[in-house]
Structures are given as structure tokens and as C-alpha cells.
Amino acid sequence: MTSTTVLLVISALLVIILGHRALDRTGLTDKQALLVIGLIWAGSYLDIPIGRVSVNVGGFIIPVLLVVFLLSKASSGTERGRGILSILISAGAVYLISQLFDFGPEAGSYTFIDPMYLFGALAGVVAYLIGRSRRAAFIGGIGSILLVESITIISRQITEGGPANLGTAGFFTGALIAGIVAIFLAEIVGETRELMQGGPEKGDDYPTGLKKGNAPRDVEARATHALRINKPILVLEIGDGGDVRVFLEENAQ
Amino acid sequence: MNKQIRLLLVLSLCTIFCFSSPAFGYHLDEVRDVVDEAGNLVTKATIPLAEGDIYISSDNTEWEVIGERDGKYIVKKNGVIDLSAYLKMPLDLGIQAEGSQPVIGIYHTHSSESYSPGPASLPYPGEIYQVGETLKNALEKKGFKVVWSQANHNPHDGSAYIRSRDTAAKLLEENPIAVIDVHRDAVPDREFYTTELDGQSVAKVRIVTGKQNQNRQSNFEFAKAMKAKADEALPGIMEGIFWAKGNYNQDLGPRMILLEFGTHVLTLEEAKVAAEKYADVIAASLPVGGGKAERSAAGSSVVWVILLAVAALGIFLFINKKGFGSLKNLAKEFTHSLRKGRRD
């Protein structure tokens, strides 16, 4: 096996693993995440010509449907509103940066980071701060670039015309890379913030099932697994009978 | 986190992004000298350079940007690189047989770039497309199949590479041995960017390779091969090679290259003559059938990808405060569940 083949296999595995982990953070089930990856992969071979614009199924239509699906899955109107707001504000930030800077080699190319990663990071952080979740960061990362690019290409087709491609890079299209960068950055920001804060905030909407002392002690005695994160410690117990208990233990060691 | 803190964070983040980049406040005609530590002129740049950027000048001296002084960039000499090995590269182009015709892709990220005496930027299609077409015709005469994308990526803003990325990836579906993004530079100095070949005034060519991608080594090798061949066949045509921060879609594959044919104060004719002549250099620098440069570069990319994956795993474990011991636990849980599954 040549180095190139090894590289291709590793790259393909990384795409599947990274893509799957990113989609996992958005709340999709394992099967749904694999289905989305499969659809993006299969759809990347399919272009739909709209006027002189080649619109790719895997790199544009599936990501748009994914964003709509994730927004529709929001648990409340507030969460959905935050998701839409995070797309709009992230799109505004991406547009602003792209107007201020030119990342080409003739001007500003020798800047600190490539726009593809910068926009993903920017949209991810902005969307995370507004939407306050990994899912919002992902939706904002993908949605903002899809929105900016669609508006730019539509307005340009009206004024100038000429052939154009939208999403034809499939898995490697700018919006999807930005979504993956966004979600992993949100993961780092979120985890770090929660680590510094010492656990989730306790408010009136704090789930009673997670409050200290709500787990039966007999389960603790029979538990085979315990996942301990931060302090107060969130304990996950799986009893021999397969029953699962989650509770907070402030004094646990 | 309350609302005010969140708002403050968003605003400060936007401010940091707006003002931290050296690209801020760039103007087309702002050219800056790049000088060595003694103050001697090395090259000119319209671009904000960053520390660590590498420039290989026409005499094969490798310079590294170390800072800025009095509005000039300071570079230090890393030494003279020997490109003679690239001249010995076997040139088995293998393009005679029908069906095995190697493919080259051409596209233009900056769709409005144009030359003198007209405006530097024109609405789509800019004059740069004529340079691309000249290069396409010249390469076809050499026996290559050229896929030339006339896609429009306007406006010329910070998202142009996001848009042209889709075009570059589409060109890769044709299995090209090289993909060239054809540009013109913005150094407002005719003399600096022209040379004379066979009594004709010709635009110089600058190669730009990006550092922020896993193919940087193979693209840099390709750039050095072109520089070596050009020095031999068309002495004086090379302005140099920039190995700089950025990506320029070069992560999509090996031998994805960006060429600057002259600059906006030159005439279109001078750029077209350069493109016509430079086709020989491109043809002579392609190791059709897999050259040594590609294999060694792919090998080092494998190492990098593995190192990155390990680093990412380490960060993940650190953030989750799990430590590497948890890997053992994971393995234990996995074998436990397998055994359990077998018992069931």
C-alpha cells in the first residue's frame, strides 16, 4: 500500500469520525448522523443546474435541509429563535470580516489564518454565545456561510452572470468545514467555561432528577459504572439489572 | 452567563477579529519594501507579511520574515537553496498515447483582475481570463487535456476563496495532475515585475504556496521544480516563490498551485506572452506517473495527519479531565461488552 493510499484511507476515516462526532453533538442519533454523512457523500456526485449555477446536492442541499431539520427539532420556540438569530448574527459577522479583509495573495493573504477556518471559528463562537449550545454553534457555522454565499451568488448572477458552483466541493465545501470547526471550538469553549464554573448553573429550571440525594442508594451499591465530571459530581450509574440512574453528589470523592 | 456579559464577549470578539489582522487597512497601491538586515532591497510586497513567512528570490536565496522597521519588512537570509536536483527529474510525460492524456485544471479565484491601461478591476470576466485562456491553449499544444473553468467568483472579497473552493473541487473530479489558480499581482511597479525574453517585454511570474494545509510540502516541491526549470529555460521570468500563511484551496490535493502573471500596471499582452512561454515550464515540472517528490510528500503528510489525530485525542482527553488511563478503561469496557455479548 503506497503512502498516498494510506493518506486517503486515514483522511476518509477522519472525515467520517469527525463528521460523526460533530453531528453527534447536534443531538442526532448515531443512525441519523451516519445517514446524513451517507447523503452528503452520495449527494456530492450530483449537481443540479439552476440557470448557470451548479448546485451540489451533498455540499448544499443536504446541509440546508440539515439546518432546517435541526431548527425544527428545537425543544422550544426560544431555542429555535436563538438558532435563527445565531445564523443571522454569525452571517453578519462573516460578511463583515469578508468585506474588511482580502485573504488573497495580492492583499492580506499573509494573514494569520485561512478564511475557511477563521469564518468557522468566528461563526462557531458567535453562535455558541448567542445560542448557548454546541448545536447552535453547528447550525450557525454552516447556516451563516450557506446564507452569505447564497445571497452573494444570487445577487452576482443578477448583476454580472457567468457560470458558478455552489457546494460542489461536497464534504470539503467551506460551509461544512466551518460547521465542523465551529462545533469543536464550541466544545472547547463550552467545556473550558463549564470547567472554570465548576458545573452547570443551578436555577429554578434545574432538573429535579439531577439534584443531590434523588438517586436510590441501593443502586449505588450495585453500580458497575460511574462517570464523574467536575464538582458537584454528576454520577451515572448502571445497575446490574440495566437500570440507569443519574444524580449529583457534592461530597463524593 | 448573563446577557450583558454575553453581549460584551460578542462585541470584544468582533473587535479583536477586526483589528488584530495585519490585513486591516490595506490599500491596493500600498507597496512596501522587503529589505535584509543591512537595509538592502530584497523584494517588494503589497501584502502584509507575517513573521516566519518564507520567500525564495530569483537567485534561489531563501529569506525569512523576522519583523518590521520604518514601514519596511525585515528578512533574514536562511541560505541559498540548491534546486539542481529538480533539473534531473525524468520527464516521461507519457502523453502520446490516446486515452492516457494527462489533465490540467485552470481557474480564477479573482474574477475581476485586469491589466493596464484600463482599470485594475473590471466586471466579470476580467482580463485575467484571457491569460488563463492563453495558458490553456499553450498547454493543449503540449498534448495536455486542459479543463479551464470560467466560473465567476466575484466579488473580490474575503470569501472569494470559499466560493472558488467549490470550483477547484469540481476540477479535481477530472483527475488532473495539477490545478492552477491564475492571478495577477498588485505591486504597482512595472520595472520590478517585467523582464526581457527574445527581445520582448514579458511579465514575471510569482508562485504562491500556502502553509496552512497538509499538502504544503508537495505543493512547495512543485513550486521549486517549476523555479528550477524556469531558471534554465526562461532565465529571469521567475519573480520568486512565496511560502506563506494561508491555504488558497491547496489542501484539496497535491500540485494545486497559485501563479501570479505580472501585476496590474503591466499590459495584458505582457502577461499573455508570459503565460504562453510558462506552459513549457509547467509541462517540464510535472512528474507524470508519480514522481519522487509526490511520494515523499505523501509520506510526510501521513505522519502529520497521524500526529494531528493524536494531538486532538490528547486535547479531548485533557479537556474532559480523563487522562490517558481512561483509554485502558475504554478498552476494558469494550472487551467486557464483547464477552457479555458472547455470553448472551
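Note on naming: letters A, B, ... go to the chains in the order of the sequence lines (proteins, then strands), and numbering restarts at 1 for each one. In this text, all values refer to a predicted model and were calculated from it rather than measured experimentally.
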With a 4.5 angstrom heavy-atom cut-off, is it the side chain or the backbone of B:Leu172 that approaches chain A, or both, or neither? neither
How far does NE2 of B:His153 sit from CG of A:Asn165, to the nearest 0.5 angstrom? 6.0 Å
Quick one: pull up CD in B:Gln150 and CZ in A:Arg52 and give me the separation to the nearest 0.5 Å. 8.0 Å
Out of B:Thr109, B:Thr167, B:Asn247, which one racks up the most heavy-atom pairs below 4.5 Å with chain A? B:Asn247
Could you tell me which of B:Ala151, B:Ala168, B:Gly210 has the largest number of non-hydrogen atom pairs under 4.5 Å with chain A? B:Ala151
Just verifying a value: how many Å separate B:Lys170 NZ and A:Ser44 OG, rounded to the nearest 0.5 Å? 11.0 Å
Show me the donor-acceptor pairs, under 3.5 Å and distance only, between side chains in residues 167-179 of chain A and residues at least two apart or in other chains.
from     : atom 1 : to       : atom 2 : distance (Å)
A:Thr168 : OG1    : B:Asp166 : O      : 2.8
A:Thr173 : OG1    : B:Asp166 : OD1    : 2.7

Side chain, backbone, both or neither: which part of A:Phe184 has a non-hydrogen atom closer than 4.5 Å to chain B? neither
Checking heavy atoms, do the side chain of A:Thr159, its backbone, both or neither come under 4.5 Å from chain B? neither
A:Phe119 versus chain B, the contacting section by heavy-atom distance below 4.5 Å: side chain
Report which part of B:Asp251 has an atom under 4.5 Å of a heavy atom belonging to chain A: side chain, backbone, both, or neither. side chain
Where does A:Asn56 contact chain B at under 4.5 Å (heavy atoms): side chain, backbone, both or neither? neither
When heavy-atom pairs shorter than 4.5 Å are enumerated against chain B, which of A:Gly162, A:Ser98, A:Ala164 gives the highest number? A:Ser98
Mind checking whether A:Tyr95 and B:Ser159 have side chains closer than 4.5 Å, heavy atoms only? no
With sequence neighbours left out, what residues match A:Glu160 under side chain to side chain contact (heavy atoms under 4.5 Å, CB included)? A:Arg156, B:Pro123, B:Tyr124, B:Asn152, B:Asn154
